[in-house]
Structure formats: C-alpha cells, structure tokens
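All chains are named by letter (A, B, ...) in the order of the sequence lines, taking the proteins before the strands, and each is independently numbered beginning at 1.
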2 protein chains.
Amino acid sequence: MTGIPPTIEWLEGGTVRMIDQRLLPGRLAFVDARTVDELCDAIRTLAIRGAPALGVAGAMGMALAAVTGEPPDDAAHRLLATRPTAVNLAWGVARGRRAEDPVAEAVRLASDDVARNRRLGAHGAPLIPVGGRVLTHCNAGALACAGYGTALGVVRAAHEAGRRPTVWVDETRPVLQGARLTAWELDRLGIPGRLVADVMAGPLMAGGEVDCVIVGADRIAANGDVANKVGTYGLAVLARYHGIPFYVAAPLSTVDGQCPTGASIPIERRSPAEVTSFGGLVTAPAGFPAENRAFDVTPAALVTAIVTEAGVLRPPFALQSVGVIS
Amino acid sequence: MTGIPPTIEWLEGGTVRMIDQRLLPGRLAFVDARTVDELCDAIRTLAIRGAPALGVAGAMGMALAAVTGEPPDDAAHRLLATRPTAVNLAWGVARGRRAEDPVAEAVRLASDDVARNRRLGAHGAPLIPVGGRVLTHCNAGALACAGYGTALGVVRAAHEAGRRPTVWVDETRPVLQGARLTAWELDRLGIPGRLVADVMAGPLMAGGEVDCVIVGADRIAANGDVANKVGTYGLAVLARYHGIPFYVAAPLSTVDGQCPTGASIPIERRSPAEVTSFGGLVTAPAGFPAENRAFDVTPAALVTAIVTEAGVLRPPFALQSVGVIS
C-alpha cells in the first residue's frame with residue numbers, strides 16, 4: 001500500500017514521462033517521450049493505455065509537437081493513427097491543437113482528468129453496496145487515466161467512504177491488464193481483490209458472489225452503446241441474465257456524439273500473436289490462425305447506468321450534446 | 001495433417017503409455033507409468049486429462065495394480081483422489097476393479113472408447129450445418145479420450161462427411177487446453193480453426209459468426225445438468241441470449257445417475273498459481289490472491305441436446321438409468 005505515481009506527466013523542458021505499463025506488475029519504471037514519434041510508439045506498444053490516459057497523451061503529443069517544432073497537422077495525424085477505438089485520444093489531440101499554449105493545455109488536462117475522476121468516483125460510490133463484491137474487467141484505474149481511475153475510481157471512492165468493497169479482478173486476456181495492472185493498483189491501495197480467469201464470471205454470478213459489475217469505456221455512442229475491452233459485452237449479457245447491475249464509468253470526454261450507435265465505432269484488431277502466445281511464450285501450434293479484436297460493443301439496453309463526472313446517467317441515454325470532438 | 005496417435009495405451013509387460021499433454025503443442029512426446037503412483041502423478045499434473053481419457057486411465061490404473069501386485073482397494077483410493085469432477089475416472093476404476101482380468105478390461109475399454117466416440121460423432125454430425133462455424137471450449141477431442149474425441153469427434157465426423165465445418169477455438173484459460181490441444185488436433189486433422197481469447201465468444205455471437213456451440217462434459221447429472229471446464233456455463237448463457245444451439249457431446253459413462261442435479265457434482269479447485277502465472281511467467285503481483293475453479297455447471301435448461309453414442313438426447317433429460325457406477 002504505497003500509492004500510485006502519476007500515469008503521465010509533463011516535465012519541464014519538453015518530456016512526457018509515463019509509467020511503463022509493459023513492465024508491471026514486475027517493476028515500476030518510467031518511459032520518457034521527447035518526440036511525437038516516441039510517444040506514438042509508447043501508445044502503440046501499450047506502455048500507456050486506457051481511454052482517459054490516451055486523451056491526456058493526445059494533448060501532450062501536440063505539446064511535444066509545439067516544443068520540437070513539428071507541423072501540428074502531421075503530428076495530429078500520426079497520433080490519431082496509433083489506436084482507433086478510444087475516442088479520448090482524438091479529443092485530447094483536438095484540445096491540444098486548438099490551444100494557444102499546447103503545453104499549458106496538456107498540463108491542465110492532466111490535472112483536470114484527476115479532478116473529474118474524483119467527482120465521478122464520488123457520484124458512483126453510493127452504487128456500491130456496503131461490503132459489495134464488485135467484478136471488473138481490464139483496467140479502468142489510475143493507470144488508465146492521468147490518475148485516480150474511472151471504474152476503479154468508483155471502487156476507490158467507495159473504499160475511502162468506508163463501504164468496504166472487494167473486487168473480483170478479471171485477468172483480461174490477451175494482454176492481462178486485469179492481472180498485471182488492476183491487481184497491482186488494488187494491492188497498492190490496500191483494497192482487497194481476488195484474481196480470476198475471465199471465464200469465472202459465469203459461475204461467480206450464478207453462485208450469487210457478484211453484487212455488481214463496473215467497467216470503463218473506450219467510446220460511448222450517442223445512444224449509450226459502449227465500446228470497451230473485449231469481454232465487456234459477455235459480462236453485460238451474464239449480468240442481465242443474473243439480474244446484476246452493470247455499470248459503466250467514464251468521463252464525458254469518452255462520449256462521441258458523432259457516433260449515433262455502437263455500430264459506427266471502429267474496433268481495433270491487434271496482432272494474432274497476442275493470442276497465440278502468453279508473455280512471449282508460444283501457446284498455440286506454429287502458424288495457427290487467431291482472431292484478436294481488442295474491443296467489443298455493449299448495447300445501451302444492457303447498461304444499468306453510466307457514471308460520469310457530471311453525475312449518474314440512467315437510460316434512456318441521449319448523449320448527443322456531450323463530449324463533442326471539435 | 002499427420003494424424004493423432006493414441007492418447008493412452010497399454011504396452012505388453014505392464015506399461016501405460018500416454019501422450020504427454022503438458023508438452024503440447026511444442027512437442028509430441030510420451031510419458032510412461034509403470035506403477036499406480038506414476039499414473040496418479042500423470043493425472044494430477046494433466047499429462048493426461050479429459051473425462052473419457054480419465055475413464056480409460058482409471059481402468060489402466062487398476063490393471064497396473066494387478067500387474068504390480070498392489071492391493072486394489074488402496075490403488076482405487078489413490079486413483080480416485082487425483083481429480084474429483086470427471087465421473088468417468090470412478091467409472092473406469094470400478095470397471096477395472098470388478099473385472100476378472102483387469103488388463104484385458106482396460107485394453108477393451110480403450111478400444112471401446114474410440115468405437116463409442118465414432119458412433120457419437122456419426123449421431124452428432126448432422127447437427128452441424130454445412131459450412132457451419134462451430135465454437136468449442138477446452139479440449140474434448142482425441143486427446144481427451146482414448147481417441148477420436150467427443151465434441152471434436154462430432155466436428156471430425158462432420159468434416160469426414162463433407163460438411164466443411166470451421167472451428168472457433170477458445171484458448172481456455174487458465175490451462176489453455178484450447179490453444180495447446182484443440183488447435184493442435186485441428187491442425188493435424190486439416191480442419192480449419194481460428195484461435196480466440198475466451199472473451200471473444202460474446203462479440204462473435206453478436207456478430208452472427210457462430211452457428212452452434214459444442215462442448216464435452218466431465219459429469220452429467222440425472223436431470224441433464226452438465227459439469228464441464230469453467231467457461232462452459234458462460235457460453236451456454238451467451239448462446240441462449242443469441243438463440244444459438246448449445247450442444248454437449250459425451251459418452252454415457254459421463255452420466256452420473258447418483259447425482260440428481262448439478263448441485264451435487266463436486267467442483268475441483270486447483271492451484272491459484274495456474275491463474276497468477278503461466279509457464280513460469282508471473283502475471284500478477286506477488287502474493288495477490290486468486291480463485292481457480294476448474295469446472296462450472298450448466299443447467300439442463302440451457303442445453304439444446306446431449307450427443308451420446310446411443311443417439312442425440314433432447315430435453316427433458318431423464319438419465320437416471322444410464323451410466324451408473326457400480
């Protein structure tokens with residue numbers, strides 16, 4: 001229980017310093033980007049990930065471009081090409097781009113992200129029953145943001161409010177953000193958690209061992225459809241089948257008013273090697289094909305509520321007016 | 001495409017030779033047991049696994065006891081203590097124990113298992129639509145049996161009948177029997193397959209990319225409730241939600257008439273280390289707790305049909321009279 005340093009910060013002189021999430025939970029170390037290309041590389045290789053963190057990274061990328069004198073159009077283009085699903089990246093790039101002082105804007109967005117997550121957590125905490133057993137997928141914690149967390153921010157706020165939540169941590173294949181990152185955060189925060197293979201959600205829910213599910217989001221369409229880490233949709237179906245509340249926690253920057261429904265959200269396909277190997281260890285026969293979609297879409301009809309910094313939204317969701325990128 | 005050797009066989013002179021499934025898909029090698037203890041060790045460490053294969057292993061264990069002169073009561077006790085969920089193990093031990101010639105009985109059960117699986121496959125093949133995209137979990141193939149396979153036996157029979165099935169292969173965390181064993185078998189049989197993380201089932205079904213689910217079973221209660229590899233229940237719920245047929249393929253030796261419902265089936269809990277690491281690679285923070293149940297129970301109400309060597313059983317299932325152990 002030793003706290004969590006900032007996921008991403010701007011250092012005087014033009015350096016973006018990030019926790020290198022590729023090395024967790026084995027080692028807490030940092031990776032620096034001094035150019036847009038170095039930052040793009042960190043994003044692509046998942047040194048930094050998580051929708052709100054990518055929003056801040058987008059703005060910091062534009063700040064790097066300003067400092068190094070790279071043409072902003074080109075920098076924006078390269079940043080946006082790294083990962084397609086999290087809309088926050090585009091939101092952060094747009095914010096950095098139109099700012100008079102991109103560095104000040106990036107720094108402001110980072111601290112603003114933490115403040116918004118704390119508000120989001122405060123709104124969401126009462127949704128967690130006292131002693132509630134919360135199931136979460138992937139990592140929507142401090143590491144997915146500039147700090148504090150969204151889904152885990154709600155758990156953290158409930159914990160700070162004395163509600164004594166415990167967490168079922170989905171390991172989240174193929175990249176294991178749950179086992180590597182969420183477990184690490186809970187450990188540091190002193191919140192009790194228990195790691196499970198993703199497939200354990202079914203028997204846990206059937207056994208009455210889950211009080212609610214809470215996940216983050218990479219993009220939310222205007223009708224409330226939610227793109228999030230692959231596996232989220234299956235959890236939402238299971239939660240509905242068992243009558244368990246299914247919550248999504250995300251800042252309003254995750255809403256894409258330009259997407260009427262989830263059908264228009266681009267879903268990133270990543271390398272099959274993430275599935276045919278496990279931490280560098282090959283698991284499948286050589287050359288065996290694999291399909292690796294990084295996200296799935298959960299229809300709004302399966303979402304009990306969306307927790308935002310502006311409050312808890314209940315269906316029907318009509319989000320046209322929020323989170324507009326432009 | 002080079003075929004699959006027998007999973008388990010009796011060698012003249014008193015040796016049980018098994019494919020060492022711990023080494024697949026990297027290397028096809030064999031492990032020999034010449035004593036009951038060596039066989040128990042192979043079972044516990046998953047060198048051999050799969051309900052029908054464990055049935056044959058149980059009988060071969062009693063044959064080893066007969067050859068080495070170990071007291072049958074003690075041998076039976078140690079064999080039964082290895083793994084609790086697959087009822088076939090108890091069935092095979094009981095068959096070996098009451099046989100006049102346990103060696104002949106074990107050899108007979110092995111060849112009988114293959115013959116039963118071929119009949120099961122023939123009954124099940126017509127359930128697979130032509131060009132059908134079949135999703136399967138864990139490994140219920142030749143490696144889970146003396147040979148041929150149950151769930152994969154149905155796919156294989158459909159393939160042999162020219163129905164051109166393709167297979168979505170769940171990797172099946174935490175032990176990865178799908179990635180390691182099912183993919184290997186499909187590769188050897190020339191049946192097209194595609195590996196996916198277990199969490200991909202949801203988006204595949206939502207996208208209309210799955211025509212049916214077919215899995216094996218470790219124990220079937222008298223009312224048709226099915227214990228099988230953890231993750232099976234979640235697939236059954238998803239299949240029901242999407243209106244996709246959910247088939248279970250198992251020989252009648254998997255039915256336990258003594259269990260009225262799934263609630264009386266013992267569920268094996270395995271080491272948390274299977275979830276917090278893989279192949280020696282630690283994935284979670286040191287000491288982080290994990291929950292590792294090897295099986296779950298799918299209620300009969302979610303099962304479209306049970307495919308057996310005696311034909312395709314449809315609900316309501318009333319299996320009191322079959323597969324009795326004694």
Side-chain angles (χ1 to χ4, degrees), chain A residues 24-26 137 168-174 176 179-180 183-184 186-187 192-204 206 229-238 240-242 267 272 274-276 278-293 295-297 299, chain B residues 24-26 137 168-174 176 179-180 183-184 186-187 192-204 206 229-238 240-242 267 272 274-276 278-293 295-297 299:
Chain A
L24 289 174
H137 190 65
W168 291 113
V169 180
D170 268 8
E171 67 172 352
T172 315
R173 278 286 283 159
L176 298 171
R180 298 192 302 106
W184 182 83
L186 292 175
D187 212 32
R194 220 168 168 75
L195 184 67
V196 288
D198 303 312
V199 286
M200 275 282 291
L204 289 177
K229 180 57 53 196
V230 62
T232 300
Y233 171 64
L235 287 178
V237 171
L238 278 167
R240 172 59 51 93
Y241 187 79
H242 294 93
I267 299 297
E274 287 183 350
V275 182
T276 55
F278 197 108
L281 210 81
V282 172
T283 58
F288 199 85
E291 180 85 13
N292 185 14
R293 305 179 197 163
F295 303 94
D296 60 24
V297 173
Chain B
L24 289 174
H137 190 65
W168 291 113
V169 180
D170 267 9
E171 67 171 352
T172 316
R173 276 288 286 161
L176 299 170
R180 299 192 301 108
W184 182 82
L186 293 174
D187 211 33
R194 220 167 168 75
L195 184 66
V196 287
D198 302 312
V199 287
M200 275 282 291
L204 289 176
K229 180 56 54 197
V230 62
T232 300
Y233 171 64
L235 287 177
V237 170
L238 278 167
R240 171 60 50 93
Y241 187 80
H242 294 93
I267 298 298
E274 286 182 354
V275 181
T276 56
F278 178 75
L281 197 87
V282 173
T283 57
F288 199 84
E291 180 85 12
N292 185 14
R293 305 178 197 165
F295 303 94
D296 60 25
V297 173

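Of the listed residues (B/Pro192, B/Pro285, B/Ala286), the one with the most heavy-atom contacts under 4.5 Å to chain A is B/Pro285. The candidate from B/Thr283, B/Asp198, B/Leu281 with the greatest count of non-hydrogen atom pairs under 4.5 Å with chain A is B/Thr283. Comparing B/Leu176, B/Val230, B/Thr232 by heavy-atom pairs within less than 4.5 Å of chain A, the highest count is held by B/Val230. In terms of heavy-atom pairs under 4.5 angstrom with chain B, the leader among A/Ala284, A/Ala183, A/Gly26 is A/Ala183. Comparing A/Ala290, A/Gly234, A/Gly231 by how many heavy-atom pairs each has under 4.5 Å with chain B, the most go to A/Ala290. The candidate with the highest count of non-hydrogen atom pairs below 4.5 Å against chain B, out of A/Gly287, A/Ala179, A/Gly202, A/Pro272, is A/Ala179. For the options B/Tyr233, B/Tyr241, B/Phe288, heavy-atom pairs under 4.5 Å to chain A are most numerous at B/Phe288.
Neither the backbone nor the side chain of B/Val297 comes within contact range of chain A, judged by heavy atoms closer than 4.5 Å. For B/Val282, no part sits under 4.5 Å from any heavy atom of chain A, backbone or side chain. Neither the backbone nor the side chain of B/Ala201 comes within less than 4.5 Å of any heavy atom in chain A.
Put simply, OG1 on B/Thr276 and CD on A/Glu171 are 10.0 Å apart, with the number rounded to the nearest 0.5 Å. Here B/Asp170 contributes atom CG and A/Arg173 contributes atom CZ; the two are 12.0 Å apart, rounded to the nearest 0.5 Å.
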Decide side-chain contact (heavy atoms from CB on, under 4.5 Å) for A/Val199 and B/Lys229; before the verdict, give the C-alpha distance in whole Å, the side-chain angles of both, and the deciding distance to 0.1 Å. CA-CA 10 Å; A/Val199 286; B/Lys229 180 56 54 197; over 6 Å; no
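For B/Ala236, the side chain to side chain contact (heavy atoms under 4.5 Å, CB included) partners at least two apart in sequence or on another chain are B/Phe246, B/Thr298, B/Leu302. Residues satisfying the salt bridge (charged side-chain N to carboxylate O under 4.0 Å, His left out) test with B/Glu274, not counting sequence neighbours, are B/Arg270.
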